[in-house]
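Notes follow the structure.
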Amino acid sequence: MTVKTAQSEKLFNSAKLLFPGGVNSPVRAFGSVGGTPRFMVKGDGPYMWDADENQYIDFCCSWGPLILGHNFTAVKDAIVEAVSNGASFGTPTVQENKLGQLIIDNNRFIDRIRFVSSGTEAVMSALRLARGYTGRSKVVKFEGCYHGHVDSLMVKAGSGLATLGTSSSNGIPKPFAEETIVLNLNDSEGLKQCFSEYGNDIAAVIIEPIPANNGLLLQDKSFLTELRGVCSDNNSLLIFDEVISGFRVGFEGAAGYYGIAPDIITYGKIIGGGMPVGAYGAKKEIMDKVSPLGDVYQAGTLSGNPVAMAAGYAQLSECVKEGFYDDQRCRTEGFVSQINSFADEKGLDFKMFSVGSIFWFSFSKDEKVQRAEQINEEGVKYFNIFFHELLANGIYIGPSAYEVGFVSKVHNPEVLDKAVEIICAALLKTYKK
Ligand code: PLP
């Protein structure tokens, strides 16, 4: 099948003269899969259309935020109503109160929240708060977790088990990276060793409790529980970065899913209904350290923007309804199990993982993939063929083997059945069976 891409190609060529690599966020450039990034012009329900009028079932969902799909009426109406009263005031607004109240009333783990404008900003602010609260400077993170482009977290492990990090991007001063200790996921020994060496200096441990930026590396609950215990024993704070899992695996995110109480939680994506919003929240005692009450400074010109707050409120008002997350999970499990059965039947080295309405295509048969280094690198080769097969046949997923996909409320059984058909055909072509 020949795919029409002339308009996207033309737009991408213009964009390359405007933005580094033609994009405003790197993965969009199709760097690892090759080919032309599609310029989208419209989204509606589970579908979106590109500049060449190709239609796609969208499983990227703007990298997670669109849990109700595109153009959901209540969200669109809320945005239109809010913006018609003014786009921004730089003062408190009622929309902030409404969204804050909805979240706090339905989340056992936080009783104060601060809105910011992105997930990165939420994480950066949460780290400062943890350091301000504990008076310590070191932070522990895990290989394979992504927390936005925060200086001290753009860090990979040096050599040795519990080691001070080395930066994974140019432009980060060495001393920043050295404040970060990088451990392996699901590794209880490494955790113990790290705390016995640096325990008194560790302000916080930050983890994606459902790591979903490097495949879907589902952790043993026992590891997360141990992490909680070790942090408490050492007076270090536990930060759950729930920018993806928050409002995705349940209204209370992974904290609720596992029944583990972190000290600080960061949010992004779904919380803004498709508009740029992030947030961090904690118990009152910790949040009282944040300015203007406390001495940990954090601010934002567009923080709590009324249009974004209205979008978030409309979206979360749907999510909080009885049965919303069970329905999300059931449809996703049905979708995933059909594809897994097909791959089994055909003897393909392939398995789909899922939790809630997050899924990931793994190009190996391994039953458990819990650490970044366990991902079959050979699989990337298969992914790239698979990705272009999907694109050519009307399915859009994130353009990288390490990205997860998302099912929204409007990916109904009919849409999912169609997707199963396309995905199974693409798998056969990928494996040339
Ligand atoms: N934390 C996690 C777990 C994320 O997945 C992301 C982005 O994908 C971020 C933080 C950064 O969020 P943003 O891209 O909104 O800055």
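When a ligand or atom number is given, it counts from 1 through the structure's own listing order. Just the heavy atoms: all of them, side chains too, but no hydrogens, waters or symmetry mates, feed the values below.
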- [ ] Go through ligand 1 atom by atom and flag the ones less than 4.0 Å from a non-hydrogen atom of Ile244.
- [x] 5 (O)
Open item on the list: Does atom OH (Tyr325) have a neighbourhood of more than 12 heavy atoms from anything else shown, all under 6.0 Å?
Closed with: yes
TODO: Compute the shortest N/O to N/O distance between Glu121 and ligand 1 and return yes if it is under 3.5 Å, no if not.
DONE: no
TODO: Check step by step if salt bridge (charged side-chain N to carboxylate O under 4.0 Å, His left out) holds for Lys192 and Asp187.
DONE: CA-CA 9 Å; Lys192 283 190 199 119; Asp187 174 13; over 6 Å; no
Task: Heavy-atom nearest neighbour of atom 9 (C) of ligand 1 within options Ser117, Ser245, Gly148 - done: Gly148
Task: Verdict with reasoning, Phe406 to Ile270, per side-chain contact (heavy atoms from CB on, under 4.5 Å) - done: CA-CA 11 Å; Phe406 301 98; Ile270 291 173; over 6 Å; no
TODO: Answer with side chain, backbone, both or neither: which part of His147 has a heavy atom less than 4.0 angstrom from an atom of ligand 1?
DONE: backbone
Open item on the list: So for ligand 1, is Gly119 a polar contact partner (N or O within less than 3.5 Å, distance only)?
Closed with: yes
Open item on the list: Looking only at side-chain N and O atoms, does Glu242 offer a donor or acceptor that is under 3.5 Å from a partner on Ser245?
Closed with: yes
Open item on the list: If you apply the rule salt bridge (charged side-chain N to carboxylate O under 4.0 Å, His left out), what do you find for Asp220 with Lys368, and how did you get there?
Closed with: CA-CA 10 Å; Asp220 294 334; Lys368 271 196 169 184; 3.3 Å; yes
- [ ] Quick one: look up the protein heavy atom nearest atom 14 (O) of ligand 1 and list residue, atom name and how far away it is.
- [x] Thr120 OG1, 4.4 Å
TODO: Measure Asn213 to ligand 1 on non-hydrogen atoms and call it side chain, backbone, both or neither using the 4.0 Å cut-off.
DONE: side chain
TODO: Would you mind running through ligand 1 and noting each atom that sits below 4.0 Å from a heavy atom of Glu208?
DONE: 3 (C)
- [ ] Just let me know how His149 lines up against ligand 1, side chain, backbone, both or neither, with a heavy-atom cut-off below 4.0 Å.
- [x] neither
TODO: Among all protein heavy atoms, pick the one closest to atom 8 (O) of ligand 1 and tell me residue, atom and distance.
DONE: Lys269 NZ, 3.0 Å
Task: Test item: Val380 and Ser32 side chains (from C-beta on) under 4.5 Å apart, heavy atoms - done: no
Open item on the list: Would Asp241 count as being in polar contact with ligand 1, using the rule that some N or O on each side must be under 3.5 angstrom apart?
Closed with: yes
TODO: Answer whether the closest heavy-atom distance between the side chains of Val123 and Ile206 falls below 4.5 Å.
DONE: yes
- [ ] Quick one: look at Tyr146 and ligand 1, take heavy-atom pairs under 4.0 Å, and tell me if it's side chain, backbone, both or neither.
- [x] both
TODO: Just say parallel, tilted or perpendicular for the rings of Phe361 and Phe359, cut-offs at 30° and 60°.
DONE: perpendicular
